[in-house]
Amino acid sequence: MTATPIADPIRAGLASGWDVVDASTLDADLIVEADVAIVGSGAGGGVTAETLALAGYKVVVLEEGPLRSSSDFRMREAEAYPELYQESAARKTRDKAINILQGRCVGGGTTVNWTSSFRTPASTLSYWQRTLGIEGLDEPSLAPWFAKMEDRLGIAPWTIAPNANNAALARGAAKLGIESAAIRRNVRGCWNLGYCGMGCPTNAKQSMLVTTLPAALGHGAKLVTRVRAEKLVLAGDRVDRLVARALDATGTTPIARTVTVHARSYVVAAGAIGSPALLLRSGVPDPHALVGKRTFLHPAVVSAARMDERIEGYAGAPQTIYSDHWLEVPFDGPAGFKLEAPPIHPALAATTLTGHGEPHARWMRALPTMHVLIALIRDGFHQDSQGGTVALRDDGTPVLDYPLTPYLFDAMRRAFLAMADLQFAAGARTVMPVHGRGDDFTTGEAARRAIGEFAIAPLATPIVSAHVMGGCPLGSDPKRAVVDMSGRHHHLANLHVIDGSLFPTSIGANPQLSIYAVAAKLSDALATSLGRKARAA
Amino acid sequence: MDPYRRRFLQAGLAGAAALAIAGGIAWFRRRIDSAATAPALVAEARDVVRAIVPSMLAGALPQGAERAAAIDETVGGVERAMAGLPPTARAELAQLFALLTLGAGRRAFAGVTPAWNDATRPDVDAFLASWQSSSWSLKRTAYDALHQLVLAAWYANPRSWPAIGYPGPPVLSA
């Protein structure tokens, strides 16, 4: 046995005396006093924790998942999905038609995402301003916050050659005469391994786990893991306290211990399913029934292909090339979609491909030459795309009801056509749009004819999502927004929401940088409003 | 009760074997609830998974000496995956397995006449194919759950990797 040569900043921090409590090990109820309580440690909670801790506030961060770090990240799907993802990476919408990949660990989605870093598209910001009347989130207002977070998280052009899965996307696009471009990534010293989705084993990914959270913990913040925020207890127009319940070591089942937090200010950053759910459980005033509505997913469909050359989509940075050719369309027409090339690991591929038995096994045996594209549909910009609704089950856990509509089915059909065309242009021998029983095609003509006749429907067409957005929209009008432009709740003075649930539509791009920038802006204002000025990170 | 779960049960109860099964489900769920160490699958449900694995993984499982171990490990992987699911998802799967393990449910819903231990590959192939293409969303979602559980359990297992040319994660050294 040799010790890993890679320094683990989390283990080092714990050894140095960080205040971290694993609630699954509590032998008594815990009561915490703080200036600011933050629910969630992902993109929103992580940035907010750093801003407030560095401004001198006593911060406590509650996280439902476990604290895991580079020494634990062994790049094995069997370990990563149950440890680091909501519902073992098998979270589903209510009708089970959409599988949602969502982080549940310290660092949240940022610990397991594929590092794609886009500024909020100008067209999206313009839609928010012109169509929804949202002021203060335009390009000039956000530019300094994007720049700050890009600098903080090492977001820069990726200059290493794309892996073959992404190179084929660029090649196919070029053959079709359409644009593709490189994706910026939040990495420093990336080893180009390709296992971002299982936790970065080298700490190259500049997730919240290795950036803002260590900074906050180093400034005296407290972190409680394996604890689920159950309820904000209200008193008049304020939150009086937060009651949370410890979970067992599997992170799935509540145990008897509670964690109660008394704070001056409460920040909900539990993600776009968890945040609305906490507000719903708490009976937070919601006179216009907005909480949990308009929750968006970038619903995505998948196309697999077999190439002559080796693709080895399990190796090399995932998602380094994209094409917005089909995204740059007017909002009042058919939905646009973004093309990306995901990582291709065995269990993820096997569960995404439809069917079973020999036909499925034949595709799996082609794993090294398998090429995969995903098309992420931009939802929430059209009257026929109202998103989903977060509701509570009997046991208080959230479930997202996301009705799939003909408007989205139309986009899926066009996405299958676009992906098949692009894959054949890139040299695919066989293309399998992931639908139905998984029929595959050896010519573009045959694929187009079949796709034209696909009965696209819930459950017949596997649909995936890795981006949950909306449900607590911000805006100055309390009739249309849950929180004001500072993220403060319209009806509760000391409650803020700072995470991806703020967005009034989907982003139209991978959302992490949008969340970072908005969180930086809002948390800075929160620090000021609490009485002390945020210091530079 | 959550509306989805209520629909799930009502859908089950609408079936021909409903009344005969209803008491059985309650019995089965008591067994699950009372298991001190909460194994994800009771023995009868394990038989269902064990019967499904060779059909779901036809063409993927190794032949010869490794085969039995591969099936055992896949069943174990399904159990571990279920143990990591939230209580609501575990309860839904428990209901599914309750339907499938009782003789009346197996015959009426899965169309499998012999006990799972005695079911032939064609029996199980026909069951999976009919649920995969069923117009009844209950069966479709149940097929998807079995698909996801079994395929994830097998392909996350290093034993499956040589046949698909996956080299496994890189070994880090500096």
Side-chain angles (χ1 to χ4, degrees), chain A residues 2 4-6 74-78 81-83 86-90 92 94-97 99 191 193-195 198 201-202 250-253 312 314-315 345-351 353-362 364-369 393-395 397 399 437 458-460 462, chain B residues 1-5 38 52 54-61 77 80-92 121 125 128-129 132-134 137 140-158 160-161 163-174:
Chain A
T2 53
T4 172
I6 298 166
R74 300 186 336 122
M75 300 180 278
R76 279 157 176 78
E77 293 181 282
Y81 299 150
E83 279 279 295
Q86 287 288 2
E87 308 187 22
S88 294
K92 303 274 194 289
R94 187 189 287 277
D95 66 0
K96 299 187 165 49
N99 195 88
W191 293 29
L193 297 173
Y195 286 78
M198 301 176 212
T202 68
T250 70
T252 63
T253 308
E312 300 179 357
Y314 38 78
H345 293 107
L348 185 62
T351 53
L353 299 182
T354 58
H356 60 270
E358 178 54 33
H360 185 279
R362 197 173 68 243
M364 289 305 295
R365 286 195 295 272
L367 190 80
T369 57
R393 297 190 182 96
D394 278 2
D395 67 353
T397 59
V399 60
R437 285 168 184 255
L459 303 175
Chain B
M1 185 187 284
D2 170 280
Y4 182 82
R5 277 160 57 202
I52 289 168
S55 284
M56 193 71 89
L57 295 176
L61 287 172
R80 279 194 301 282
M82 284 178 59
L85 291 173
T88 48
R90 285 205 299 266
E92 286 182 2
R121 269 287 300 287
D125 287 348
L128 289 178
Q132 181 188 12
S133 58
S134 176
S137 66
R140 285 283 286 278
T141 56
Y143 169 84
D144 287 346
L146 296 170
H147 177 273
Q148 191 162 20
L149 284 166
V150 171
L151 291 170
W154 173 238
Y155 286 106
N157 181 346
S160 72
W161 296 346
I164 59 172
Y166 173 58
V171 177
L172 300 189
S173 57

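Naming: A, B, ... by sequence-line order, numbering from 1 per chain. Basis for what follows: all heavy atoms, side chains included, without hydrogens, waters or symmetry-related copies. Remember, it's a predicted structure, so these values are computed and weren't measured experimentally.
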| said: Check this for me: does any side-chain nitrogen of one of Glu92(B) and Lys92(A) sit under 4.0 Å from a carboxylate oxygen of the other? | reply: no
| Looking only at heavy atoms, what is the nearest atom pair of Ala361(A) and Ala60(B), with distance? | CB-N, 3.9 Å
| said: I need the single residue from Asp395(A), Val399(A), Asp394(A) that forms a side chain to side chain contact (heavy atoms under 4.5 Å, CB included) with Thr88(B). Which is it? | reply: Asp395(A)
| query | How far apart are the closest heavy atoms of Ala350(A) and Leu151(B), and which atoms are they? | reply | O-CD1, 3.5 Å
| chain B heavy atoms under 4.5 Å from Pro458(A): which part of the residue, side chain, backbone, both or neither? | backbone
| By side-chain hydrogen bond (donor to acceptor under 3.5 Å, both in side chains) - contacts of Asn157(B) (at least two apart) | Glu73(B)
| said: To check you understand the geometry: which heavy-atom pair defines the closest contact between Leu85(B) and Ser88(A), and what is its length? | reply: CD2-CB, 4.2 Å
| field | Contacting moiety of Pro82(A), where chain B heavy atoms sit under 4.5 Å | value | neither
| query | Can you check side-chain contact (heavy atoms from CB on, under 4.5 Å) on His356(A) and Ile52(B), steps first, answer last? | reply | CA-CA 11 Å; His356(A) 60 270; Ile52(B) 289 168; over 6 Å; no
| field | Under 4.5 Å from a heavy atom of chain B, the part of Leu193(A) involved | value | side chain
| task | Go through the atoms of Trp154(B) and report whether side chain, backbone, both or neither lie under 4.5 Å from a heavy atom of chain A. | result | neither
| request: Can you tell which part of Ala460(A) gets under 4.5 Å to a heavy atom of chain B, answering side chain, backbone, both or neither? | output: both
| note | For Gln148(B) and Ala90(A) the tightest heavy-atom approach is NE2-CB, 3.9 Å
| Nearest 0.5 Å, what's the NZ-CG distance between Lys96(A) and Asp144(B)? | 10.0 Å
| note | So OG1 of Thr141(B) and CG of Leu459(A): to nearest 0.5 Å the spacing works out to 6.5 Å
| request: With a 4.5 angstrom heavy-atom cut-off, could you sort out which part of Leu353(A) is near chain B: side chain, backbone, both or neither? | output: backbone
| query | Side-chain contact, heavy-atom cut-off 4.5 Å: Pro346(A) with Ile164(B)? | reply | yes
| request: Please work out whether the ring planes of Tyr155(B) and His360(A) are parallel, tilted or perpendicular, with thresholds of 30° and 60°. | output: tilted
| query | Any idea which heavy atoms bring Tyr195(A) and Gly168(B) closest together, and the distance? | reply | OH-O, 3.8 Å
| query | What residue, out of Met198(A), Gln86(A), Arg365(A), has the most heavy-atom pairs lying under 4.5 Å from chain B? | reply | Arg365(A)
| request: Report the C-alpha distance between Met75(A) and Leu172(B) in whole Å, list the side-chain angles of each, state the deciding distance to 0.1 Å, and finish with yes or no for side-chain contact (heavy atoms from CB on, under 4.5 Å). | output: CA-CA 11 Å; Met75(A) 300 180 278; Leu172(B) 300 189; 4.0 Å; yes
| request: Just give me the residue among Pro170(B), Ala163(B), Pro87(B), Ala81(B) that pairs up with chain A most often, heavy atom to heavy atom, under 4.5 Å. | output: Pro170(B)
| field | Best-contacting candidate, Arg76(A), Arg362(A), Arg437(A), against chain B by heavy atom pairs under 4.5 angstrom | value | Arg437(A)
| message | Could you work out, with salt bridge (charged side-chain N to carboxylate O under 4.0 Å, His left out) as the rule, every residue matching Glu77(A), not counting sequence neighbours? | response | none
| said: Does any backbone or side-chain atom of Thr369(A) lie under 4.5 Å from a heavy atom of chain B? Answer side chain, backbone, both or neither. | reply: neither
| remark: Nearest heavy-atom approach of Pro368(A) to Gly165(B) is CG-O, 3.6 Å
